[in-house]
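Here the structure is laid out as structure tokens; the discussion comes afterwards.
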Amino acid sequence: MNEWAALLMRLLFSRAPVCPVLVKYFYCKQIDLYIKRTFVRNAYILASKQRESAVLSGNLSEPAHSMTERGMDLAAGVLRFAAVTALTFLGLLAITFFIGRVVPIDPVVAVVGDRATQEVYEATRQALGLDRPLLVQFGIYVRDVLTGDLGVSLTTGRPVVEDLARFFPATVEMATAGILIGVLLGVPMGVIAAARAGSWLDQVIRVLGLLGYSVPAFWMGLVGLAVFYAGLGWVAGPGRIDIFYDGLVPTVTGLLTVDALLAGDWTIFGNAVSHLILPAAILGFFSLAYIARMTRSFMLDQLAQEFVTTARVKGVSEWAVIWKHAFYPIRVQLVTVIGLSYAVLLEGSVMVEIVFSWPGIGNYLTTALLRADMAAVLGATILIGTVFIVINRLSDLLYRVFDPRSR
Amino acid sequence: MSVLDWLTDDAPASRLQAQAGQAWSIARAFARNPLAMLGAVIIGALVFVAVFAPWLAPYSPVGQDLGSRLLPPSAEHWLGTDELGRDIYSRILYGARITLVIVVMVALISAPLGLLIGAVAGYFGGWVDRVLMALTDVFLSLPKLIMALAFVAALGAGLQNAIIAIAVTAWPAYARIARAETLTFRNAEFIAAVRLQGASHLRVIGLHVVPLCLSSTIIRVTLDMAGIILTAAGLGFLGLGAQPPLPEWGAMISRGRSFILDQWWVATMPGFAIIIVSLGFCFLGDGLRDVLDPKQREGR
């Protein structure tokens, strides 16, 4: 008898697709129908998956394939993945190389000045490798970039790589805080919008999302500064930290908030957070728009599925239906979306950084731009482009690993 | 037989009647969507303002009046004046011209480029497809704003170069769409029929493939417009787009930056113009997608 009770408990509290066959015996006719549908669907998915994997291994007649074949599939997949990533990176370098060549400034004249004699000019030209074929020059350029040689910045006089290492943590800190805000608010907003589709709440969230596509980030930064810094005095002004706290905590990670925590200094941590919160919130707003929109659309797909109806008919609470049954399957898609919006945030931080005088890559890049410091511009472009590509590819990989349908 | 009957006839007698009827039903579906109509009205207003700016603007967009610097919004200067005493309302009206030029030029450069590349790749398939799509994917996986910045850095600041830089980064999305559309009908019988009649590949692509990709490309272009306007305004804000004294909205915000705490209207007013126009394109794009291409509709 105990077994029966246990079975009953399992039936009542477990997820719908787990035990459709058994539930059948305990519920009335109408539920029976739903469950049959779910069961048939599951069986169909199972069969089609088997068929797919058989097709993948190129072996239709014999579905069970050996471990070595599966290993070969994996190896081919990894190889293709690496090749595409490398190709994209090479494309990025080709574009920056091209941009570097398009510049109307003669690189030789930039080094020797326009009063140099013809001999000096020619010697420098050869030293810079500019007399060689374009393809060879590109090869040298790729080798330099891969060995971490991005040239010397005209503005700071330091190697570009060193500059980037100094400025990049600030950007990472802001973008990470931004994506945290975007995810923590955007995902629940998308779920609620889907659960209450068509309600006024849904409309409000939709308008907020559209605003995320149509408000200039720099404008929002300025208005935010005027309202929350100058008007209300809730947050600290531009910059990363107040000047008298500057350099008081040892640099470990380069993320000021983390460094302050590591040093155990709460005053500095509080100051850094009050500087960080506004730019991060503005950045987060833009990722929130995209994340909420995608979450809503994924959730609507799931809520229309029959296993959700089954769960509802079984009497599962609405909260559990939404957060456990419907939300659970979309997590992989969501991670992809979040990864992509993180990459976009890193890029979008350029504008926000300028408004907030944030000492990050965006500020470095634009300062260099206005002074025609091409080595620095291209270095920053390569860095942001590389991070962008890596995150893009990683989300793609994650999707492939966790979602069997995409294989 | 009234005009309405003629338009809604189930059995059109001529090609003209069929096309007019189709246009009529699309227009009716579009008019039922309030947000789409709002978008259309906003974009219509943008075009109107851009064309008639000299008649609508009460002041010159560049004329300086140092006696009336930084005046707050009033009956005389509806949106206030900037640091050189120029009327912000007039400048915003003239700025609509610049925005419209940017949007139209970027669309005219990048959409045909993307369409052509996508259609050629999808139509020929094989290695042509692979090479072109690899190129597209490389561009697609690069950060757009940063690439636009780098291009402008290389070409030099200015409106024309900003347009080129944005267009260069905008085309890959259209190529993807055009290719996907082309793949769905490249093996269709009407293509084979045209080929059998002796049409060249050029003719097939130009007259039969591209027109069928148009509607989804137009939708995508409209949806992208908001992003293009924001990028252009961003370039203007950085001083890389339209050069002073041109009343470009992003550049106007940038000039108002120093006065944001005391004279807030200088920087905020052009921002509202940008937001309204971008929202207009978003609404219009959403509406067009619902009407022209129901299968692409997101779950909304």
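Everything numeric in this text was worked out from a predicted model, so none of it was measured. Quick note on labels: first sequence line is chain A, next is B, and so on, each numbered from 1.
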task: Evaluate side-chain contact (heavy atoms from CB on, under 4.5 Å) for B/Phe139 paired with A/Ile95, printing each intermediate quantity in order.
output: CA-CA 9 Å; B/Phe139 269 89; A/Ile95 292 173; 3.8 Å; yes
What closest approach, in Å, do [X] and [Y] show between heavy atoms, and which atom pair accounts for it?
{"X": "A/Ser214", "Y": "B/Ser278", "value": "CB-CB, 3.2 Å"}
{"X": "B/Arg257", "Y": "A/Val355", "value": "NH2-O, 3.7 Å"}
{"X": "B/Ile260", "Y": "A/Leu222", "value": "CG1-O, 3.7 Å"}
{"X": "B/Val138", "Y": "A/Gly91", "value": "CG1-CA, 3.6 Å"}
{"X": "A/Leu87", "Y": "B/Ala134", "value": "CD2-CB, 4.0 Å"}

task: Take B/Trp249 and A/Trp219 through the side-chain contact (heavy atoms from CB on, under 4.5 Å) test and state the conclusion after the steps.
output: CA-CA 11 Å; B/Trp249 294 340; A/Trp219 182 83; over 6 Å; no
Relative to chain B, which segment of [X] carries a heavy atom at a distance below 4.5 Å: side chain, backbone, both, or neither?
{"X": "A/Phe218", "answer": "side chain"}
{"X": "A/Leu346", "answer": "neither"}
{"X": "A/Val215", "answer": "both"}
{"X": "A/Leu90", "answer": "neither"}

- prompt: Do you know which of B/Leu145, B/Leu240, B/Val277, B/Leu140 has the most heavy-atom pairs under 4.5 Å to chain A?
  reply: B/Leu145
Look up atom [atom1] in [X] and atom [atom2] in [Y], then write down how far apart they are to the nearest 0.5 Å.
{"X": "A/Thr366", "Y": "B/Leu149", "atom1": "OG1", "atom2": "CG", "value": "8.0 Å"}
{"X": "B/Ile146", "Y": "A/Ile361", "atom1": "CD1", "atom2": "CD1", "value": "9.5 Å"}
{"X": "A/Ile99", "Y": "B/Leu155", "atom1": "CD1", "atom2": "CG", "value": "8.0 Å"}

- line: The interface call for B/Phe283 against chain A, heavy-atom contacts under 4.5 Å, is side chain
message: What part of B/Leu135 gets within 4.5 angstrom of chain A, counting heavy atoms only: side chain, backbone, both, or neither?
response: neither
Those residues that, when tested against A/Phe327, pass ring-ring contact (aromatic ring centres under 6.0 Å, His included) (two or more places apart): A/Trp323
query: Does the side chain of A/Val344 come within less than 4.5 Å of B/Lys144's, by heavy atoms?
result: no
task: Report yes if the side chains of B/Met147 and A/Ile384 come closer than 4.5 Å at any heavy-atom pair, otherwise no.
output: no
task: Give the C-alpha distance, both sets of side-chain angles, the deciding distance and a yes or no for side-chain contact (heavy atoms from CB on, under 4.5 Å) between A/Leu211 and B/Ile275.
output: CA-CA 8 Å; A/Leu211 279 179; B/Ile275 296 172; 4.2 Å; yes
message: Would you say that more than 12 heavy atoms from the other residues, nucleotides or ligands in this model lie under 6.0 Å from the CD of A/Gln203, or not?
response: yes
query: For A/Phe168, does the CZ atom sit with more than 12 other heavy atoms under 6.0 Å from it, leaving out its own atoms?
result: yes
- request: Tell me, out of A/Gly362, A/Pro216, A/Ala226, A/Ala368, who's got the most heavy-atom pairs with chain B below 4.5 Å.
  value: A/Pro216
- prompt: Can you tell which of A/Met351, A/Met220, A/Arg393 has the highest number of heavy-atom pairs within less than 4.5 Å of chain B?
  reply: A/Met351
- prompt: Counting a contact as any heavy-atom pair under 4.5 Å apart, which residues of residues 225-238 of chain B contact chain A?
  reply: B/Ala226, B/Leu230, B/Ala233, B/Gly234, B/Leu235, B/Phe237, B/Leu238
